[in-house]
Q: 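Once you've had a glance at the structure underneath, I'll fire off some questions.
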Amino acid sequence: MYFGRINKEKTIENARTVLEKYEYMHNIELRELVSLQSPVISDEPKAQNVSNSSEDKAIRFVQAKSYCSTVRNAIEVIENEVYRIILQDTYLVSNFQGNRSVMDHIASSGNRIEEAQFYRIKNEALICFAEVCPPVYVDNNMEETFELLVLK
């Protein structure tokens with residue numbers, strides 16, 4: 001780890017930004033999968049639509065799927081089990097129950113941490129996530145990648 005050369009505050013903020021967007025992108029991933037359908041071919045005349053909604057849905061689905069799998073894969077490669085539990089339970093689980101439930105999950109895995117340690121360890125987990133996660137798109141147009149790790 002590069003803890004000495006990392007701008008910790010900005011890196012933690014960037015990691016939170018990416019992880020907090022996960023739920024939104026995951027909902028798109030699930031919704032678009034269900035709503036994708038074949039185009040209807042008809043010889044009836046109708047007004048021309050400038051955009052192709054089926055194509056737009058397919059693009060949004062692929063982008064959301066890519067974003068979500070990048071985030072999930074980055075968390076999965078983190079070797080520290082406590083970091084993985086914190087990140088998964090806080091950001092990937094749709095029914096987040098609060099930090100106490102995350103600490104209970106950590107305790108059930110055979111590790112015990114105090115509440116005072118939890119916030120420090122959570123920040124370390126966010127930095128670790130930023131180190132392993134490749135640049136991702138965070139804007140809705142998916143035009144510019146976002147680098148999580150910020151060095152001093």
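All heavy atoms count here, side chains included; hydrogens, waters and symmetry mates do not.
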Q: Any Lys/Arg nitrogen of E81 or R84 sitting under 4.0 Å from an Asp/Glu carboxylate oxygen of the other?
A: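 Salt bridge absent between E81 and R84.
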Q: Would you kindly confirm whether V77 and F129 end up in one hydrophobic cluster when ILVMFWY residues are joined by side chain heavy atoms under 4.5 Å apart?
A: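 Looking at the clustering, F129 is in the same group as V77.
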Q: Which pair of heavy atoms, one from L149 and one from A130, lies closest together, and at what distance?
A: CB-O, 4.0 Å
Q: At their closest point, which heavy atom of Y67 faces which heavy atom of T17, and how far apart are they?
A: OH-O, 4.4 Å
Q: Over all heavy atoms of both residues, which pair between K122 and T90 is shortest? Give the atoms and the distance, please.
A: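 Residues K122 and T90, closest heavy atoms: NZ-CG2, 3.7 Å.
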Q: How many angstroms lie between NZ in K8 and CG in N123, if you round to the nearest 0.5 Å?
A: 9.5 Å
Q: Given side chain to side chain contact (heavy atoms under 4.5 Å, CB included), test Y91 with V18 step by step and report yes or no.
A: CA-CA 10 Å; Y91 298 103; V18 168; over 6 Å; no
Q: Less than 4.5 Å apart, any side-chain heavy atom of L126 and any of T11?
A: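 They are not in side-chain contact.
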Q: Apply the test side chain to side chain contact (heavy atoms under 4.5 Å, CB included) to residues D89 and I106: give CA-CA distance (whole Å), side-chain angles for both, the deciding distance (0.1 Å), then the verdict.
A: CA-CA 10 Å; D89 287 6; I106 292 168; over 6 Å; no
Q: Can you name the nearest heavy-atom pair linking C128 to I78, along with the distance?
A: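 Closest approach of C128 to I78, heavy atoms only: SG-CG2, 3.8 Å.
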Q: Between atom NZ of K10 and atom NZ of K152, what is the distance when rounded to the nearest 0.5 Å?
A: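 The NZ atom of K152 is 15.5 Å from NZ of K10, to the nearest 0.5 Å.
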Q: Please determine whether residues Y24 and L92 belong to a single hydrophobic cluster, defined as Ile, Leu, Val, Met, Phe, Trp and Tyr linked transitively by side-chain heavy-atom distances below 4.5 Å.
A: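 Cluster IDs for Y24 and L92 match.
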Q: Between CG of L30 and SG of C68, what distance do you get to the nearest 0.5 Å?
A: 8.0 Å
Q: Which atoms form the tightest heavy-atom contact between I86 and V102, and what is the distance?
A: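 Heavy atoms of I86 and V102 come nearest at CA-CG1, 3.9 Å.
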Q: How about R112: does its CZ atom have over 12 heavy atoms from other parts shown lying under 6.0 Å from it?
A: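 Open.
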Q: To the nearest 0.5 Å, what is the distance between CD1 (I113) and CD1 (I121)?
A: 4.0 Å
Q: With rounding to the nearest 0.5 Å, note down the distance linking CD1 in I127 to CG in N14.
A: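 I127 atom CD1 to N14 atom CG measures 11.0 Å (nearest 0.5 Å).
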Q: Should the pair K21-E23 be classified as a salt bridge under the 4.0 Å nitrogen-to-oxygen rule?
A: no
Q: Could you list the residues that satisfy side-chain contact (heavy atoms from CB on, under 4.5 Å) with S66, not counting sequence neighbours?
A: T70
Q: Stepwise, does the salt bridge (charged side-chain N to carboxylate O under 4.0 Å, His left out) test hold for E13 with R16?
A: CA-CA 5 Å; E13 179 184 326; R16 275 196 183 110; over 6 Å; no
Q: Are L148 and V150 grouped together when hydrophobic residues (ILVMFWY) are joined by side-chain heavy atoms under 4.5 angstrom apart?
A: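 No; tracing contacts between hydrophobic side chains, which count when under 4.5 Å, never links both residues.
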Q: Can you find a heavy atom in the side chain of E131 that is under 4.5 Å from one in the side chain of I6?
A: yes
Q: Which heavy atom of P135 sits nearest a heavy atom of E147, and at what distance?
A: CG-OE1, 3.2 Å
Q: To the closest 0.5 Å, what do you measure between CD1 (I12) and CG (L19)?
A: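 Separation between the atoms: 12.0 Å.
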Q: Partners of Y22 by ring-ring contact (aromatic ring centres under 6.0 Å, His included), sequence neighbours excluded?
A: H26
